[in-house]
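Beneath this line is the structure, given in structure tokens, with notes to follow.
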Amino acid sequence: MFVKKLKKYNLPDKDGFFGEFGGAFVPENFKKVLKRLDDEFEKAKNDDSFLKEVYDLLKDYSGRPTPLYFAKNLTEYYGKGKIYLKREDLNHTGAHKINNVIGQALLAKRMGAKKIIAETGAGQHGVASATAATLLGLECDVFMGEKDIKRQHLNVERMKLLGAKVHSVDTGTKTLSDACDAAIDYWLRHSDEVFYVLGSAVGPHPYPKMVRFFQSVIGNEIKHQCLEKEGRLPDYVLACIGGGSNAIGAFYAFIDDSQVNLIGLEAAGEGVDTEKTAASLAKGKKMILHGKRQYVLCDKNGNVGESYSISAGLDYPGCGPEHCYLHDTGRAKYIPVTDEEAVQAFARLSRIEGIIPAIESAHAVAYLEKLMSQTNENDIVVINLSGRGDKDTERLLQLLV
Ligand SMILES: *Cc1c(COP(=O)(O)O)cnc(C)c1O
């Protein structure tokens, strides 16, 4: 399911740039570590036995291929166009994150690492990393902000149950950004025996390229499944954008197919006109954050601002460099969706289709309210349902009464 055919679109360049975005803005000693990682990744990705190892686990351990489900009720509800859901929520651990983590953890083993480390905000990537580490007999240390440890107690317990060690990070805002810094710091001090598993299509080169590769299984499957069911490609592919990994995974197979509209839904929080937002593409400025150039939300003084979204997975002040590039070139469109719209979509999909989506994924579902009045009878709309909503249900029910 990893398509290796040559594409017209061939970014990033050798330095990791997507146009003016991306790259690796890091100190010299860090550059060496990243160069080795890039070399090893390129070798692994051209090694059929490695790819077979990755896909065998995705298949039998995680449950791939995930279904492309024709949402009949939702289709009837809107009355125009056919709506399909790509069921990433059915993966082991409940979201798309495992695709990337299994790939990177197998690469870690191949490179001789004994331990993987990961940063986590809401804890979803931490749980996926702890899971893959246990499966492959690796140690796992997870770095998590002190504030997030308190907010996401259940995921902390899950990580511990899976045998991971959770490091509480008490610097800065005590959240995801500080956890990233702590993980990088640890990695640089132990880069011989430790592999850093990054959770989204962010970070310095080669991470955005590597995460895209492991997540591109999503779009490759969508393409194959849509051709099988409909005999043609979809007209729209929708995905929510945090760092951008599930979206680039869903989009990548279609970048050269210009008739396929690619739409990313970013978290507007309480609205793009308010201070409480995470819509970095709608509102951000170009700057360097965590080793790469991208759009970043800024405060009044031009420093990295604080983001806000009801959904922990989309609550990040930047967005992966490739999405910045696709945004500026117009190949993909990015639209902000508010907390309120996402909460309504969370309830709507649950009631209409019997599927409780993650609040992150509900941002993509919410866009149907606008899109489906513009579609034609025969249009095919695919939503990447990045995860399941059990984790959100208790909290959101309080908002819905
Ligand atoms: C983490 C997460 C996201 C956001 O991350 P991306 O890298 O943008 O995909 C979206 N949906 C779910 C269910 C998540 O757990």
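Both backbone and side-chain heavy atoms feed into the values below; hydrogens, waters and symmetry mates do not. Counting starts at 1 for both ligands and their atoms, in listed order.
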Considering only heavy atoms of [X], which atoms of ligand 1 have at least one such atom less than 4.0 Å away?
X: G313; result: 4 (C)
X: S200; result: 6 (P), 7 (O)
X: G244; result: 6 (P), 7 (O), 8 (O)
X: G387; result: 13 (C)
X: G242; result: 8 (O)
X: C240; result: 10 (C)

Contacts under 3.5 angstrom, residues 236-249 side chains, donor-acceptor by atom type, not counting sequence neighbours:
residue	atom	partner	partner atom	Å
S245	OG	H96	NE2	3.2
N246	OD1	N384	ND2	2.9
N246	ND2	C240	O	3.1

Item to complete: Determine, step by step, whether E369 and Y78 satisfy the side chain to side chain donor-acceptor pair (under 3.5 Å) criterion, reporting the C-alpha distance in whole Å, the side-chain angles of both residues, the deciding distance to 0.1 Å, and the verdict.
Response: CA-CA 8 Å; E369 291 285 299; Y78 286 107; 2.6 Å; yes
Worksheet item: Is there a donor-acceptor pair closer than 3.5 Å between any side-chain N or O of D392 and the backbone N or O of I359?
Response: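 It does hold such a pair.
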Worksheet item: Okay, side chain of Q152, backbone of G121: is any donor-acceptor separation there less than 3.5 Å?
Response: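 A pair under 3.5 Å: no.
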Practice prompt. Have a look at ligand 1 and work out which part of A358, if any, has a heavy atom under 4.0 Å from it: side chain, backbone, both or neither.
Written response: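 Just the side chain.
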Worksheet item: Angle class for the F21/Y295 ring planes (parallel below 30°, perpendicular above 60°, tilted otherwise)?
Response: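 Tilted, since the angle between the ring planes falls between 30° and 60°.
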Is the gap between the ring centers of [X] and [Y] under 6.0 Å?
X: Y196; Y: Y186; answer: no
X: F213; Y: F41; answer: yes
X: W187; Y: F195; answer: no

Discussion item. Suppose we measure from atom 1 (C) of ligand 1 to each protein heavy atom; which comes out shortest, and what is that distance?
Written reply: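 Going atom by atom, the protein heavy atom closest to atom 1 (C) of ligand 1 ends up being K97 NZ, 1.4 Å.
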Does any N or O atom in [X] lie less than 3.5 angstrom from one in ligand 1, N or O only?
X: A247; result: no
X: H96; result: yes
X: K391; result: no
X: A201; result: no

Worksheet item: Excluding sequence neighbours, so at least two apart, what forms side chain to side chain contact (heavy atoms under 4.5 Å, CB included) with D192?
Response: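 Listed in chain order: nothing, the list is empty.
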Practice prompt. Pick, from G249, G121, S386, the option with the minimum heavy-atom distance to atom 13 (C) of ligand 1.
Written response: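 Of the listed residues, S386 has the closest heavy atom.
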